[in-house]
Q: 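Below is one structure. I have some questions about it.
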Amino acid sequence: MSAEQTRAILADAQHIAALTGAGISAESGIPTFRSNTSSTEPRATASGPVPLWDRFRPEDLATPEAFARDPQLVWQWYDWRRSLIAQAQPNPGHLALAELARRLPRFTLITQNVDGLHDRAGSHALKLHGDIWDLRCTICGHERHDPAPSLDPLPPYCNCGGSGESRCRGMMRPGVVWFGEPLPAHIWQQAEEAASSCDVFLVIGTSALVYPAAGLVHIAKNHGARIIEINPADTPLSGIVDVAWRSPAASALPQLLQP
Ligand code: OAD
């Protein structure tokens with residue numbers, strides 16, 4: 001029923017926008033932030049100091065304060081996520097969104113994900129929270145895009161100026177947006193514009209707990225868009241959506257491509 005309902009709504013739309021969260025990458029093997037332990041998470045062993053990442057909330061690791069307190073710990077977490085992401089492939093949900101963008105008159109994809117799987121599926125996504133493969137120097141601001149799955153040694157240091165004297169030797173930080181930091185203004189502006197002007201807004205695989213990203217749904221609703229949520233679980237936004245499609249994204253989204 002939700003597939004038919006959603007296809008009918010999409011058929012009449014001129015501009016569709018979609019906001020994705022960690023749930024769309026769950027079926028690529030990347031654990032969501034607020035999930036229970038999954039089989040892909042590392043376990044502490046007697047032989048190794050592998051932290052049990054599910055003991056930490058994202059709010060404990062993805063903050064400037066956490067990085068100032070313990071950059072090694074924060075980098076270990078990001079390095080672990082980088083290694084999982086490097087092994088992952090875009091799933092049928094990512095691929096279906098890329099195909100929808102090709103077929104529809106206007107489609108804006110907005111993501112909270114930093115994993116780059118939308119890019120690898122062939123989409124152009126507005127990345128609200130940055131990119132896990134980007135690094136930025138905490139001293140000189142030099143940026144580096146480094147898709148190496150594991151960075152050794154941790155934490156990484158800036159390589160501006162090569163090996164010369166002018167090298168700043170600053171510690172690099174992940175090029176992502178942390179809690180308490182502003183979103184990149186030009187990206188947010190485009191996302192807000194899409195939410196304000198679309199006819200249909202798809203909310204896919206997000207717990208909708210993190211603002212301002214979740215606020216895009218309210219913006220779309222207030223501007224008259226129909227809201228379709230694709231998520232196996234309820235979220236705080238479920239009360240305001242027009243269609244709540246309780247399904248994993250990788251099986252729901254390909255159904256939107258059917259005639
Ligand atoms: P969360 O981990 O908070 O939520 C994941 C959502 O995906 C939940 O609502 C799940 O029910 C849903 N889900 C799980 N499996 C799914 C599947 N197969 N298909 C569809 N949905 C599924 O992740 P986000 O909402 O993305 O920010 O988290 C938002 C932000 O909080 C992240 O971007 C990150 C995080 O801390 C920063 O790091 C700043």
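Computed from heavy atoms alone, side chains included, the values below leave out hydrogens, waters and symmetry copies. We count ligands from 1, going down the list as the structure has it; atoms in each ligand are counted the same way.
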Q: Would you indicate which of Ser247, Ser207, Gly180 comes nearest to atom 4 (O) of ligand 1 when only heavy atoms are counted?
A: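 The residue whose heavy atom sits nearest atom 4 (O) of ligand 1 is Ser207.
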Q: May I ask which of Ala62, Ser25, Gly205 has a heavy atom nearer to atom 38 (O) of ligand 1 than the others do?
A: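 Answer by nearest heavy atom: Ala62.
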Q: May I ask you to check whether Glu27 has an N/O atom sitting below 3.5 Å from an N/O atom of ligand 1?
A: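 Between Glu27 and ligand 1, an N or O pair is found under 3.5 Å apart.
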Q: Examine Ala249 against ligand 1 and note whether any of their N/O atoms are separated by less than 3.5 Å.
A: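 Yes; the residue has a nitrogen or oxygen that sits under 3.5 Å from a nitrogen or oxygen of the ligand.
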Q: Ala26 to ligand 1: N or O pair under 3.5 Å?
A: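 No - when backbone and side-chain N and O of Ala26 are compared with those of ligand 1, no distance drops under 3.5 Å.
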Q: Does some side-chain heavy atom of Leu151 sit less than 4.5 Å from a side-chain heavy atom of Tyr78?
A: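 They are not in contact (no side-chain heavy atoms under 4.5 Å apart), so the answer is no.
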Q: Before signing off on this row, confirm whether His129 and ligand 1 have an N or O atom pair separated by under 3.5 Å.
A: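 The answer is yes, given that His129 and ligand 1 share an N or O pair closer than 3.5 Å.
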Q: In sequence, state the C-alpha distance, the side-chain angles, and the governing distance for Ser123 and His94, and then conclude on side chain to side chain donor-acceptor pair (under 3.5 Å).
A: CA-CA 8 Å; Ser123 288; His94 298 104; over 6 Å; no
Q: With respect to Thr235, determine whether any N or O atom, backbone or side chain, lies less than 3.5 Å from an N or O atom of ligand 1.
A: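 No - when backbone and side-chain N and O of Thr235 are compared with those of ligand 1, no distance drops under 3.5 Å.
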Q: Side-chain donor-acceptor pair under 3.5 Å between Gln112 and Thr20, yes or no?
A: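 Gln112 vs Thr20: no donor-acceptor pair found between side chains.
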Q: Asn113 and side chain to side chain contact (heavy atoms under 4.5 Å, CB included): which single residue from Ile24, Ile30, Leu128, Ile85 fits?
A: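 One option only clears the test, and that one is Ile24.
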Q: Using non-hydrogen atoms of the residue, decide whether Ile24 is closer than 4.0 angstrom to ligand 1.
A: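 Not so, Ile24 does not reach ligand 1.
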Q: Counting from 1, what ligand 1 atoms have a heavy atom of Ala22 closer than 4.0 Å?
A: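 Contacts of ligand 1 toward Ala22, numbered from 1: 23 (O), 24 (P), 26 (O).
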Q: Compute whether any side-chain donor of one residue and acceptor of the other, for Ser197 and His223, lie under 3.5 angstrom apart.
A: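 Side-chain D/A pair, Ser197 to His223: absent.
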Q: From atom 8 (C) of ligand 1, work out which of Thr20, Asn231, Thr32 has a heavy atom at the shortest distance.
A: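 Closest candidate by heavy-atom distance is Asn231.
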Q: For ligand 1, which atoms, with element, lie under 4.0 Å from some heavy atom of Thr206?
A: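 Taking each heavy atom of Thr206 in turn, ligand 1 has 6 (C), 9 (O), 24 (P), 25 (O) under 4.0 Å.
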Q: Looking at Arg7 and Glu4, does any basic side-chain N land under 4.0 Å from a carboxylate oxygen?
A: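 Looking at Glu4 together with Arg7, the answer is no, because their closest N to O distance does not fall below 4.0 Å.
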Q: Hey, which atoms in ligand 1 end up nearer than 4.0 Å to a heavy atom of Ala233?
A: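 Once the distances to Ala233 are compared, the set is 11 (O).
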Q: Thinking salt bridges, do Arg173 and Glu181 make one under a 4.0 Å N-O criterion?
A: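 Looking at Glu181 together with Arg173, the answer is yes, because their closest N to O distance falls below 4.0 Å.
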Q: Does Phe67 form a ring-ring contact (aromatic ring centres under 6.0 Å, His included) with Trp178? I'd like the steps, not just the answer.
A: CA-CA 10 Å; Phe67 190 67; Trp178 283 331; 5.2 Å; yes
Q: As an exercise, identify every atom of ligand 1 less than 4.0 angstrom from a heavy atom of Pro58.
A: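 Answer for ligand 1: 36 (O).
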Q: Using a 4.0 Å cutoff against the non-hydrogen atoms of Phe179, which atoms of ligand 1 qualify?
A: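 Going through ligand 1 atom by atom, the ones under 4.0 Å from Phe179 are 36 (O).
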Q: Say whether Val210 and ligand 1 are in contact under the criterion: heavy-atom distance to a ligand atom below 4.0 Å.
A: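 Per 4.0 Å heavy-atom rule, Val210 contacts ligand 1.
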Q: If you look only at distance, which donor and acceptor atoms sit under 3.5 Å apart when one is on a side chain in residues 132-143 and the other is two or more places apart or in another chain?
A:
from: Asp134; atom 1: OD1; to: His145; atom 2: ND1; distance (Å): 2.6
from: Thr138; atom 1: OG1; to: Met171; atom 2: O; distance (Å): 2.6

Q: Nearest heavy-atom pair of Ala220 and Ile227: which atoms, and what distance?
A: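 The answer is CB-CD1, 3.9 Å.
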Q: May I ask you to list the atoms of ligand 1 that are less than 4.0 angstrom from any heavy atom of Pro248?
A: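 This gives 17 (C), 18 (N), 19 (N) as the contact atoms.
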Q: Could you tell me which non-hydrogen atom of Asn91 sits nearest to which non-hydrogen atom of Ser28, and how far apart they are?
A: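 Closest heavy-atom pair between Asn91 and Ser28: ND2-OG, 3.1 Å.
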Q: Any nitrogen or oxygen of Phe33, main chain or side chain, under 3.5 Å from a nitrogen or oxygen of ligand 1?
A: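 Yes, at least one N or O pair falls under 3.5 Å.
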Q: Taking only heavy atoms of Gly21, which atoms of ligand 1 are found under 4.0 Å from at least one of them?
A: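 This gives 26 (O) as the contact atoms.
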